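A quick write-up on the structure given underneath.
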Amino acid sequence: MPDTPDYLRYTTTHTWVEIIDDRTIRVGITDFAQQELDDIVFIELPEMDREYTRGDECAIVESVKSTSEIYCPASGNIIAINLSLEDSPGLINEDPYGEGWIFQMELTDDSDLDDLIDADTYRELAVDD
Amino acid sequence: MSTGRIELNKTPLHALHLEQGARMVPFAGYELPVQYRGGILQEHKHTRCQAGLFDISHMGQIRITGDIALSALENLVPGRLADLSLFRQKYTVLTNPEGGIIDDVMVMHAGDHVRLVVNAACKHKVLAYLQNSLGHRCEIQMLASESLLALQGPAAAMNLARYIPAVSELTFMSAGKFIFNGIELTISRSGYTGEDGFELSLSDNCAEDFARLLLKGDEVTLAGLGARDSLRLEAGLCLYGQDIDSTTTPVEAGLHWLIAESSQWKCKNADYPGADIIREQLRSGTGRRRVGLIPQSRAPLRAGTGLLNDRQEQIGVITSGGYSPTLEKPIAMGYVSSDYIQPGTSLGAFARGKEFRIAVVALPFVAHRYCH
């Protein structure tokens with residue numbers, strides 16, 4: 001069973017969102033997603049200081065077998081990217097909720113967070129998918 | 001990831017795949033393992049260092065019986081077959097009247113019959129084609145209850161020889177019939193990974209037991225379709241439907257070597273489908289050629305990515321692309337206009353709204369290690 005921590009929020013496109021404070025979130029892909037992708041060999045990170053709109057394709061994860069887009073879970077500015085993934089993209093497989101985090105953003109509108117789903121809802125979705 | 005309602009065929013190793021934690025995917029009408037618990041990278045590396053066991057029972061095995069089977073089949077391919085020695089194997093292509101490839105096939109002189117291994121997605125088409133073309137002169141049938149296993153890697157020979165010592169005497173592209181504990185096997189020293197190894201054909205009802213026997217050796221791991229694809233790409237081998245198809249000729253695909261050994265003989269006499277076109281391409285060249293490609297950034301570039309010259313004109317396309325676990329960087333193959341086939345040529349590749357640099361290189365990416 002993939003790990004789906006209760007303290008995080010999720011999107012239907014398999015990203016997790018950690019709400020750091022009212023205006024700041026940290027984002028990565030779920031354990032379910034990394035298991036589905038298998039060995040991740042490359043990530044194209046979002047651009048620092050760039051503004052993205054919710055739903056924008058903001059990063060790309062390449063595994064041995066396929067390419068997957070990561071969609072921005074909310075609108076805002078990229079304030080941090082996990083540069084260690086450039087040399088060690090496998091951190092996403094090893095520790096998807098910790099060292100495998102992908103980016104942090106400052107929100108333009110915190111009401112975007114209302115549309116995120118909770119762990120229970122995500123678990124159901126990840127099983128049915 | 002739903003498979004819909006299409007009823008998929010299962011191979012005789014299905015229970016073994018599930019037991020070993022396989023992730024099953026639909027492929028050419030079969031439910032097949034794309035990977036097991038260890039993952040594609042591990043299966044790939046294990047096959048290069050030791051040995052991987054692949055279930056390729058979805059592939060078509062076709063038997064052609066009749067005194068003139070080889071010479072009849074020769075009329076359908078651009079190379080010589082009539083002089084194939086007993087228990088020798090040859091890789092060739094069935095061509096259409098335009099010189100395109102109907103399928104790439106392994107042909108074996110198996111004594112009282114000729115045995116073909118054809119691609120899974122093509123097998124019914126090829127069977128019908130052969131029956132139409134040769135059916136009045138030979139008996140042609142699908143070996144529908146025979147499984148096919150591929151044991152690949154530097155430790156493959158040691159593993160298999162533990163049970164069937166005589167396989168050590170086979171060399172690359174030779175074959176034989178063997179009996180082990182009452183099981184009849186047709187084994188060839190060949191494969192699709194660039195490594196030394198074997199393909200073993202045996203009755204469906206013995207396949208699982210024999211696979212389990214091979215897996216008893218620590219040097220062997222099960223490997224799925226994912227590793228099979230990354231291994232063949234490193235070896236520069238074509239995947240039918242991607243790198244070759246009915247619109248690509250063997251000359252464009254860089255498979256002229258399978259014509260060349262008898263090109264003079266063929267050029268004078270041959271009358272296989274598309275012979276005129278292929279003969280002309282051998283003489284005057286082709287507008288495009290298959291080449292190896294290495295993306296210059298770390299992003300893998302996948303099939304379908306357009307290739308550009310410095311004037312931003314599209315001069316080619318990637319047909320297979322992925323990550324090379326051996327080289328630890330992305331690799332690809334594709335077709336480029338003949339002005340750009342020189343190794344070292346730098347091209348652009350347009351993907352995801354961005355331009356990447358990609359270099360033309362010689363194939364294969366990882367040297368073949370066949371047992372000659």
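What you see is a predicted model, and the numbers here were worked out from it, not measured in a lab. Just so it is clear: chains get the letters A, B, ... in the order the sequence lines come, proteins before strands, and each one is counted from 1.
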Is it the backbone or the side chain of B/R302 that comes under 4.5 Å from a heavy atom of chain A, or both, or neither?
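Side chain of B/R302 only, per the 4.5 Å heavy-atom cut-off to chain A.
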Could you look at B/Q35 and say if it's the side chain, the backbone, both or neither that has a heavy atom under 4.5 Å from chain A?
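Just the side chain, heavy atoms under 4.5 Å.
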Using non-hydrogen atoms only, which part of [X] is less than 4.5 Å away from chain B: side chain, backbone, both, or neither?
| X | value |
| --- | --- |
| A/E86 | backbone |
| A/I60 | side chain |
| A/E62 | both |

For chain A, find which of B/A299, B/S297, B/G39 contributes the most heavy-atom pairs closer than 4.5 angstrom.
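Ranked by contacts with chain A, first place is B/A299.
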Pairing of A/D6 and A/R123 as salt bridge, 4.0 angstrom limit
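Yes, A/D6 and A/R123 are salt-bridged.
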Identify whether the distance between the nearest side-chain nitrogen and carboxylate oxygen of B/E43 and B/K45 falls below 4.0 Å.
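A salt bridge is absent here (no side-chain N lies under 4.0 Å from a carboxylate O).
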Assess the residue pair B/V118 and B/M59 against the criterion (side chain to side chain contact (heavy atoms under 4.5 Å, CB included)); give the C-alpha distance rounded to whole Å, side-chain angles, the decisive distance to 0.1 Å, and a yes or no.
CA-CA 6 Å; B/V118 308; B/M59 298 191 78; over 6 Å; no
Residues B/R212, B/E19; criterion salt bridge (charged side-chain N to carboxylate O under 4.0 Å, His left out); working and verdict
CA-CA 12 Å; B/R212 287 184 190 277; B/E19 175 195 305; 2.9 Å; yes
Does B/D218 have more than 12 heavy atoms from other residues, nucleotides or ligands lying within 6.0 Å of its CG?
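No, CG of B/D218 has 12 or fewer neighbouring heavy atoms, counting only those of other groups under 6.0 Å.
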If the plane angle is over 60° it's perpendicular, under 30° parallel, otherwise tilted; pick one for B/H58 and B/F27.
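Answer is perpendicular, since the angle exceeds 60°.
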Calculate, to the nearest 0.5 Å, the distance between atoms CZ and CE belonging to A/R26 and A/M105 respectively.
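CE of A/M105 is found 14.5 Å from CZ of A/R26.
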Using a heavy-atom distance cut-off of less than 4.5 Å, which residues of residues 49-58 of chain A contact chain B?
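The stretch does not come within 4.5 Å of chain B.
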With a 4.5 Å cut-off on side-chain heavy atoms, are A/I102 and A/L45 touching?
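SC-SC contact between A/L45 and A/I102 confirmed.
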Trace of the side chain to side chain donor-acceptor pair (under 3.5 Å) decision for B/T11 with B/D55
CA-CA 8 Å; B/T11 72; B/D55 177 11; 2.5 Å; yes
